[in-house]
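Single-structure report; data block below.
Along the sequence shown, residues carry numbers from 1.
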Amino acid sequence: MTLTQLEIFAVVAERKGFTLAAAQLKISQSGVSHAIRALERELGVDLLHRYQGAVELTDIGESLLRRVQAILGLAETMRQEASDARGMKRGTLRIGSFGPTSSLRLLPTVLADYRRLYPGIEVHVDEGSDKQVVQWLMNRRVDVGFVTLPEDQLDTYPILEDQMVALLPADHPLASQDTVTLKDLCVGPFVLTEAGSAELISRLFLSAKLQPNIRYRTSQLLSTLATVVRGDAVTIVAESSLPLTGEAYYIKKALNPEVKRHVGLAVFDERQSSPATKAFITLTAKKFRMASSTAALLVDSVAG
C-alpha cells in the first residue's frame, strides 16, 4: 500500500469515475485502474462498485475513505513542515468556503496577499454550504474552512461579526416598520437558502418555537434574492452576504431582537495543521483584525 494508491483512490471517490480522476491526476486511465485493483487486492475487499462510465463506493470503501483522507492530510502536513524548513517554497492548501460572505468578501483579498507571500503554495477552494464545509473538515477533505461560530467539533478562530437581516419585497406590508420580528416573518411564504447560514436561521426559529412557512428552498443566494424581488417570499440572510448593489429591488430590515452572526476559520486539529494552513489563518486573522480596528476608528471619528 502506497500513498500514491491512497491518493488515487481518494480522487476516484471524489470524481466518481476513472476518466475524470485520471485527468485530474495527469496519469493514464489504465494507471488509475491498476492502482485501485492493486489496493483492493492488498486489502482483500472491493472498494468500488463499477458501472458503465461511473463508480460508487462500497460500504467498506466509504468507511475506509475517511481513514485515507486522514492519512493524506497528515502526509501533506509532513510535506508542509519539510517545505517550511525550506521556506514554504512548495505545498498545497485546501480551503472550504461557504456563501458570498467568505467566497466573495473574505477570500479574494486574503488570497491575493497569500499568493504574493507564498507563490509556491498551490491553493484549492471547495465551495458548499456551511454544513458541508464542517463535514469536509471532519473528513480531512480540506485543511481549513470558513464556518459559522460556534462550532464545538473543531478548533476555530474568530474572523468576522455581522448581523442577520430580513429581506422583504419592495411593496411588502412590513416595509414601513423600522424592524421586524421572527413572528412577523412567519405570516407569509418564506424562502430558505441552503447555502450560508441555513443552520443558524433554522435554529433561530426553533429556539423561538416558531415555524416559518417555508415555500421555497434555494441553493444559491442569488436565487433567494430573486424570489424576494419577485414578491414571492420573505427571507433572512447575513448582512455581509448581500451584494453591494440591489437594495432598490428589496427592503432590508433589522431583526428585533437583534441577531448577530460570527464567522471564523476552523481546522480539524490545530496541532496537526500544516505550516501553509497556519500561515493562511495568521494572515486572515491579521487582515480582518486590522479591518475591524479601522472600522471602529471611523465610527469613533464620526461620533466625535
Side-chain angles (χ1 to χ4, degrees), residues 96-107 127-138 145-154 156 158-170 172-175 177-244 246-247 249-266:
S97 178
F98 74 87
T101 298
S102 57
S103 294
L104 299 181
R105 296 212 175 182
L106 301 181
L107 259 181
E127 295 182 291
S129 67
D130 47 356
K131 191 174 182 179
Q132 282 178 308
V133 173
V134 170
Q135 192 60 53
W136 292 342
L137 286 161
M138 299 296 291
F146 289 92
V147 299
T148 302
L149 301 178
E151 182 50 68
D152 297 333
Q153 303 176 83
L154 304 164
T156 59
I159 297 296
L160 171 76
E161 177 185 276
D162 68 352
Q163 66 176 343
M164 306 301 293
V165 294
L167 299 186
L168 315 172
H172 196 275
L174 296 173
Q177 296 186 190
D178 292 333
T179 62
V180 296
T181 66
L182 292 178
K183 188 175 182 179
D184 291 333
L185 299 175
C186 292
V187 175
F190 192 92
V191 53
L192 179 67
T193 176
E194 300 293 348
S197 300
E199 293 289 313
L200 173 58
I201 294 168
S202 297
R203 288 198 301 268
L204 283 178
F205 283 106
L206 186 62
S207 62
K209 298 182 179 179
L210 294 171
Q211 179 62 54
N213 178 18
I214 299 177
R215 188 78 57 84
Y216 308 94
R217 293 180 184 270
T218 61
S219 60
Q220 300 293 331
L221 178 66
L222 288 178
S223 300
T224 304
L225 295 180
T227 304
V228 174
V229 169
R230 288 196 307 268
D232 291 342
V234 299
T235 193
I236 295 175
V237 299
E239 190 169 29
S240 64
S241 70
L242 291 171
L244 298 178
E247 287 190 34
Y249 305 101
Y250 54 78
I251 303 295
K252 181 178 71 174
K253 294 291 181 181
L255 293 175
N256 183 17
E258 184 180 62
V259 177
K260 294 288 188 181
R261 181 185 73 153
H262 299 86
V263 176
L265 287 174

Exercise. NE2/His262 to CD/Glu151 distance, rounded to the nearest 0.5 angstrom?
Worked result: 15.0 Å
Exercise. So do Leu160 and Ser240 actually touch side chain to side chain, heavy atoms under 4.5 Å?
Worked result: yes
Problem set entry | Distance-minimising heavy-atom pair for Phe98 and Asp130 | CB-N, 3.7 Å
Problem set entry | Note, Asp184 side chain near Asn256 side chain (heavy atom, < 4.5 Å) | no
Problem set entry | Pairwise side-chain contact, Arg215 with Asp232, heavy-atom cut-off 4.5 Å (strictly under) | no
Exercise. Can you check whether Phe146 reaches Thr101 side chain to side chain, under 4.5 Å on heavy atoms?
Worked result: no
For this session: Determine, step by step, whether Leu200 and Arg261 satisfy the side chain to side chain contact (heavy atoms under 4.5 Å, CB included) criterion, reporting the C-alpha distance in whole Å, the side-chain angles of both residues, the deciding distance to 0.1 Å, and the verdict.
Result: CA-CA 8 Å; Leu200 173 58; Arg261 181 185 73 153; 3.8 Å; yes
Problem set entry | Beyond-backbone contact of Leu242 with Leu225, side-chain heavy atoms, under 4.5 angstrom | yes
Exercise. So, does Thr156 use its side chain to make a donor-acceptor pair with the main chain of Asp152 at under 3.5 Å?
Worked result: no
Exercise. To the nearest 0.5 Å, what is the distance between CD (Glu161) and NZ (Lys260)?
Worked result: 4.5 Å
Exercise. Side chain to side chain contact (heavy atoms under 4.5 Å, CB included) between Leu106 and Val263: does it pass, once the steps are laid out?
Worked result: CA-CA 10 Å; Leu106 301 181; Val263 176; 4.3 Å; yes
Exercise. Does the side chain of Ser97 come within less than 4.5 Å of Val133's, by heavy atoms?
Worked result: no
Problem set entry | Nearest-0.5 Å distance that lies between atom CD in Gln163 and atom CD in Glu239 | 4.5 Å
Exercise. Side chains of Phe190 and Thr235: does their closest heavy-atom pair fall under 4.5 Å?
Worked result: yes
For this session: Give the minimum heavy-atom separation between Lys183 and Leu210, together with the two atoms involved.
Result: N-CD1, 3.6 Å
For this session: In sequence, state the C-alpha distance, the side-chain angles, and the governing distance for Val191 and Ser223, and then conclude on side chain to side chain contact (heavy atoms under 4.5 Å, CB included).
Result: CA-CA 9 Å; Val191 53; Ser223 300; over 6 Å; no
For this session: May I have the step-by-step check of side chain to side chain contact (heavy atoms under 4.5 Å, CB included) for Leu137 and Val147, ending in yes or no?
Result: CA-CA 10 Å; Leu137 286 161; Val147 299; 4.0 Å; yes
Exercise. How about Leu154 and Met138: do any of their side-chain heavy atoms sit closer than 4.5 Å?
Worked result: yes
Exercise. Which heavy-atom pair separates Phe205 from Leu182 by the least distance, and what is that distance?
Worked result: CE2-O, 3.7 Å
Exercise. For atom NZ of Lys209, is the number of surrounding heavy atoms from other residues, nucleotides or ligands below 6.0 Å larger than 12?
Worked result: no
For this session: Nearest 0.5 Å please: distance from the CD1 atom of Ile251 over to the NE2 atom of His172.
Result: 11.0 Å
For this session: Quick one: closest heavy-atom pair of Leu221 and Ser241, and the distance?
Result: CD2-O, 3.1 Å
For this session: Mind checking the CG-CG spacing from Leu149 to Leu265? Nearest 0.5 Å is all I need.
Result: 9.0 Å
Exercise. For Pro243 and Arg105, which heavy atoms make the closest approach, and how far apart are they?
Worked result: C-NH2, 4.1 Å
Problem set entry | Any donor-acceptor pair under 3.5 Å from Ser103 side chain to Pro100 backbone | no
For this session: Determine the minimum heavy-atom distance between Ala175 and Lys253, stating which atoms define it.
Result: O-NZ, 2.9 Å
Seminar exercise, completed: dist Leu185:CG -> Leu168:CG (nearest 0.5 Å) comes out at 7.0 Å
